[in-house]
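Scroll down for the structure; my scribbles are underneath it.
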Amino acid sequence: VGSGKLGTSYPAKLAAILIQRWYRQYVARREMRRRYTWHIFQSIEYSGEQAQIKLYNFLGYLMDNFTPSSNERNLISHIFRENEVCRDAEWERYFCYKNIEVPEIYSGPHLTFPLTVEEAVGLVEAFRNKKQQLHSRYVLQLLLETWKLLRMLPNINRISTCHSKEITICGDLHGQLEDLLLIFYKNGMPSLEKPYVFNGDFVDRGRDSIEILLILFAFLLVYPSNVYLNRGNHEDHIVNLRYGFTKEVLNKYKMHGKRILKLLQKIFSWLPLATVIDQKVLVLHGGISDSTDLGVLARADRHIVRNQHVMTKVVIFPLSLQSISRVFQRRASFTYPKPLGTRDCFQNRSLQDFSDRIRVNMENQLELSRREEPTLNAQINKPEQESLSLPHQILDLLWSDPMTQDGCIPNEVRGGGCYWGPDVTEDFLNRHNLQLIIRSHECKQEGYEFCHNRKVLTLFSASNYYDVGSNRGAYVKLGPDLVPYLIQYQASSMTRELTVRQSVGRTERSALRVLREQLFAHKSDLLCAFRKFDSENTGLVSLNDWASAVESVMHLDLPWRMLRSQLVTCKNSEGTIDYYEWFNESQLSKHIDQSLLETLYRHRSTLETIFRIVDTDNSGFISMQDFRQTWKLLSVYLKMEITDEAISDLAITIDSNHDGSIDIDEFMEAFRLTDKKSRLERGRSMFMGTTSDLTKLEGDPNI
């Protein structure tokens with residue numbers, strides 16, 4: 001080699017190169033794991049939202065098609081509250097709190113009205129120290145005052161910065177009180193010098209949604225010109241049935257929970273839709289579309305329009321055929337038609353009669369639009385056009401997401417709103433003389449993300465959203481220069497104890513557990529896909545064929561070959577996969593028809609939502625008759641036949657004490673996988689964790 005000095009440096013350089021190469025490979029593998037973990041979580045979250053919207057639309061379709069005498073209509077009619085056309089004064093009497101006494105032994109916060117700063121701060125401290133929940137009398141009084149105030153606010157709040165203060169904007173909190181308390185600790189509580197905008201999705205999935213609402217509403221009452229609340233897609237009582245907020249309130253306020261929920265339903269409908277800062281920055285929850293018009297939104301009666309129900313009750317006829325086509329194309333998968341003929345022709349129809357009429361024929365709708373366009377142009381004046389298009393504009397505001405390519409297409413991943421591109425952003429900002437859109441609605445690993453040439457900022461304030469260590473939270477501060485200053489954080493003390501490697505590993509394990517559940521829920525479809533590659537019916541497929549079959553069913557765009565070792569243990573010596581044995585590894589109950597069981601498992605959240613709807617008195621129990629009616633409703637929604645015998649067998653199996661009623665929580669718990677539940681499933685995310693599940697977390701040695 002020459003000199004000894006050069007000889008000793010060569011091995012050192014080689015070692016450095018090898019270490020560098022190993023480290024790059026390690027970082028690449030870790031990044032791949034991070035990406036597929038994130039993809040699993042988001043795909044499953046959005047599929048749940050899509051199912052929720054489709055169920056809501058289905059129920060709306062039934063309400064339009066069944067007569068008042070129909071048993072099926074009675075089953076679901078209370079969702080839409082058609083008989084509750086009350087004046088505000090009548091509702092205020094219903095929500096009256098004066099007959100509720102606060103016992104002397106109550107040691108929680110006491111409130112007087114008008115509310116003081118000290119009382120609002122005291123509420124924060126009480127919830128921080130977990131001393132005691134706020135008494136139901138004070139809850140109703142606080143909510144009633146909030147409702148009165150919100151009814152006076154415009155649809156779009158307009159606020160200004162000044163040289164002496166910045167405006168703080170927070171994204172989704174989703175019931176995670178830890179995050180709100182950490183924001184207040186780092187940034188200070190709302191005050192005259194420290195205004196806040198909270199950008200929707202205050203509730204659901206987390207365990208402290210009601211406490212977050214009470215804190216935000218308290219500061220809103222104290223500082224009505226310095227605290228601004230935008231509505232999110234989860235500020236909706238039907239969404240709350242699925243994602244946990246309803247159960248949380250009923251569990252914490254057993255005596256007056258029903259009144260509290262009804263008042264919150266009123267409050268949610270009056271939350272403002274957006275906030276504009278210095279006439280240049282628009283803050284809204286979801287996003288925009290190519291038809292979003294702030295002028296139209298500013299004039300709307302926002303409390304009349306529901307979050308999701310807007311998709312079923314209105315058919316839009318804009319002036320131009322191009323607009324008609326665009327609207328129909330974007331709503332094709334999620335809209336149900338009005339019936340032809342009078343209501344009399346449906347007098348004797350049952351649910352099954354409509355099972356073939358659920359989806360709208362878009363070609364017929366477009367052809368009808370072409371024929372009727374001249375008439376529509378002549379007949380519909382501008383105010384009528386605005387009222388017809390308004391519901392879809394609000395839906396876009398609450399549910400839409402940005403995309404990288406130009407254009408505006410239906411958001412079929414979530415099931416509502418749209419995907420909009422940079423060109424739509426540019427056009428919208430130019431039309432309204434704006435420079436930035438701040439939105440939330442999407443979990444981001446760093447808590448925020450810029451897109452569309454930094455003209456759209458996504459902000460998410462619920463850290464550890466999918467699991468401990470899965471993501472940071474963030475909030476943003478805007479001064480007079482309107483340059484975003486971002487602050488990131490992670491609220492959980494457990495997060496600080498985890499190394500980067502432990503955090504990635506923990507999140508990955510949670511994602512894989514959720515993915516295994518989804519694979520089981522699609523068992524029948526996967527078996528059909530495997531059999532296409534297994535012409536001799538050996539029960540074996542190659543690794544490549546296994547990966548191709550799984551992707552053809554799941555459509556998750558995941559690296560299935562790389563995931564195989566973590567999803568499948570039944571691989572034989574020849575390298576093939578025994579797919580029958582794979583499914584046998586995680587069986588649920590052996591006593592129920594497996595096809596029915598799979599259907600139940602795949603649609604368990606939808607089924608629970610229907611159960612909660614049927615449970616009109618919020619008792620947690622439904623009768624056998626309602627149980628059968630629920631399954632009948634579900635069978636039409638899923639377009640499948642479920643025999644009465646199968647339903648009876650299921651009911652008998654679940655009704656273990658033979659009292660003739662079904663405990664909803666026990667029923668849903670009976671059909672979970674036996675695998676250890678992740679934080680994701682047990683209430684902190686898209687699945688159905690009850691408050692009792694959350695309580696068990698604290699003493700669970702596995703968490």
Side-chain angles (χ1 to χ4, degrees), residues 86-98 100 108-124 126-127 133-157 159 170 173 175 177 180 184 189-191 195-204 208-232 234-237 240 245-246 248-249 252-253 256-275 285 301-304 307:
C86 300
R87 296 180 180 178
D88 288 342
E90 295 173 354
W91 280 119
E92 289 180 19
R93 284 195 294 272
Y94 174 74
F95 298 133
C96 183
Y97 53 85
K98 295 179 180 178
I100 303 174
H110 290 263
L111 303 182
T112 58
F113 292 85
L115 208 62
T116 65
V117 178
E118 291 74 22
E119 288 171 324
V121 173
L123 200 59
V124 174
F127 292 155
Q133 65 187 38
L134 187 64
H135 193 275
S136 55
R137 175 191 172 100
Y138 297 131
V139 172
L140 283 168
Q141 192 172 4
L142 177 61
L143 295 181
L144 197 56
E145 293 299 317
T146 302
W147 182 40
K148 292 176 183 177
L149 173 60
L150 288 174
R151 279 148 49 190
M152 297 162 43
L153 298 181
N155 293 349
I156 301 175
N157 283 311
I159 59 179
C170 301
L173 289 166
L177 183 60
L180 180 62
F184 285 169
M189 294 191 193
S191 65
Y196 274 83
V197 178
F198 295 94
N199 200 24
D201 277 13
F202 317 119
V203 302
D204 280 334
D208 299 312
S209 294
I210 187 66
E211 285 78 10
I212 285 179
L213 284 180
L214 294 174
I215 289 172
L216 297 185
F217 292 161
F219 280 111
L220 174 67
L221 292 174
V222 174
Y223 299 112
S225 298
N226 294 84
V227 174
Y228 303 90
L229 308 179
N230 290 341
R231 184 178 180 180
H234 278 262
E235 276 66 67
D236 180 273
H237 71 288
N240 301 152
F245 180 52
T246 297
E248 177 192 331
V249 173
K252 291 179 178 178
Y253 294 96
H256 301 287
K258 191 172 181 180
R259 267 202 289 177
I260 290 171
L261 284 171
K262 186 62 188 176
L263 183 48
L264 283 168
Q265 182 181 334
K266 293 286 181 184
I267 287 173
F268 288 167
S269 71
W270 277 102
L271 285 170
L273 302 174
T275 301
H285 179 72
D301 290 327
R302 67 180 183 273
H303 66 289
I304 296 176
N307 182 353

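The CG atom of Leu264 sits 9.0 Å away from atom CG of Leu140, with the distance rounded to the nearest 0.5 Å. From Asn230, atom CG reaches atom CZ of Phe202 across 7.0 Å, with rounding to the nearest 0.5 Å. In this structure, CD1 in Ile267 is found 10.5 Å from CD in Glu145, a value given to the nearest 0.5 Å. For the atom pair His237 NE2 and Thr246 OG1, the distance stands at 8.5 Å (nearest 0.5 Å). If you take CD on Glu211 and CG on Leu216, they are separated by 11.5 Å, rounding to the nearest 0.5 Å. Note that the CZ atom of Arg137 and the NE2 atom of His110 stand 11.5 Å from one another [nearest 0.5 Å].
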* Start with the C-alpha distance between Leu149 and Trp270, add both sets of side-chain angles, then the distance that settles side-chain contact (heavy atoms from CB on, under 4.5 Å), and finish with yes or no. => CA-CA 9 Å; Leu149 173 60; Trp270 277 102; over 6 Å; no
* Give the intermediate values and the outcome of side-chain contact (heavy atoms from CB on, under 4.5 Å) for residues Val222 and Val227. => CA-CA 9 Å; Val222 174; Val227 174; over 6 Å; no
* Asked: How far apart are the C-alpha atoms of Leu263 and Val139, what are their side-chain angles, what is the distance that settles it, and do they pass the side-chain contact (heavy atoms from CB on, under 4.5 Å) test?
  -> CA-CA 10 Å; Leu263 183 48; Val139 172; over 6 Å; no
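Taking 4.5 Å as the limit, every side-chain heavy atom of Leu143 sits out of range of all side-chain heavy atoms of Phe95. With a 4.5 Å cut-off on side-chain heavy atoms, Leu229 and Phe217 count as touching. The closest side-chain heavy-atom distance from Met189 to Val121 is below 4.5 Å. Inter-residue side-chain proximity for Val203 and Ile212 is flagged as unmet; no heavy-atom pair is nearer than 4.5 Å. Using a 4.5 Å heavy-atom threshold, the side chains of Asn226 and Phe219 count as separate. Using a 4.5 Å cut-off on side-chain heavy atoms (C-beta onward), Gln265 and Leu261 make no contact. Between Phe245 and Leu213, some side-chain heavy-atom pair lies under the 4.5 Å cut-off. Looking only at side-chain heavy atoms (C-beta outward), Glu248 and Ile210 come within less than 4.5 Å of each other.
Here the closest non-hydrogen pair linking Tyr253 and Gln133 is CE2-NE2, 3.6 Å. Scanning all heavy atoms of the two residues, the minimum distance from Leu142 to Thr146 falls at O-OG1, 2.8 Å. Nearest heavy atom pair, residue Ile100 against residue Ser136, reads CG2-OG, 4.0 Å. In plain terms, the two heavy atoms of Pro109 and Leu134 that are nearest each other are O-CD1, 3.6 Å.
Under the 3.5 Å distance criterion, the side-chain polar atoms of Glu235 are matched with a main-chain donor or acceptor of Asp201. A donor-acceptor pair under 3.5 Å is formed between the side chain of Ser209 and the backbone N or O of Asp204. Counting only distance, with no hydrogens or angles, the side chain of Arg302 and the backbone of Leu271 share a donor-acceptor pair below 3.5 Å. Side-chain atoms of Gln141 never come within 3.5 Å of backbone atoms of Tyr97 as a donor-acceptor pair (strictly under, hydrogens ignored). Between the side chain of Asn240 and the main chain of His234, a donor-acceptor pair closer than 3.5 Å is present. Checked by atom type and distance alone, the side chain of Arg231 never pairs as donor or acceptor with a backbone atom of His285 at under 3.5 Å.
Under the 30°/60° scheme for interplanar angles, the aromatic rings of Tyr196 and Phe184 are found to stand perpendicular.
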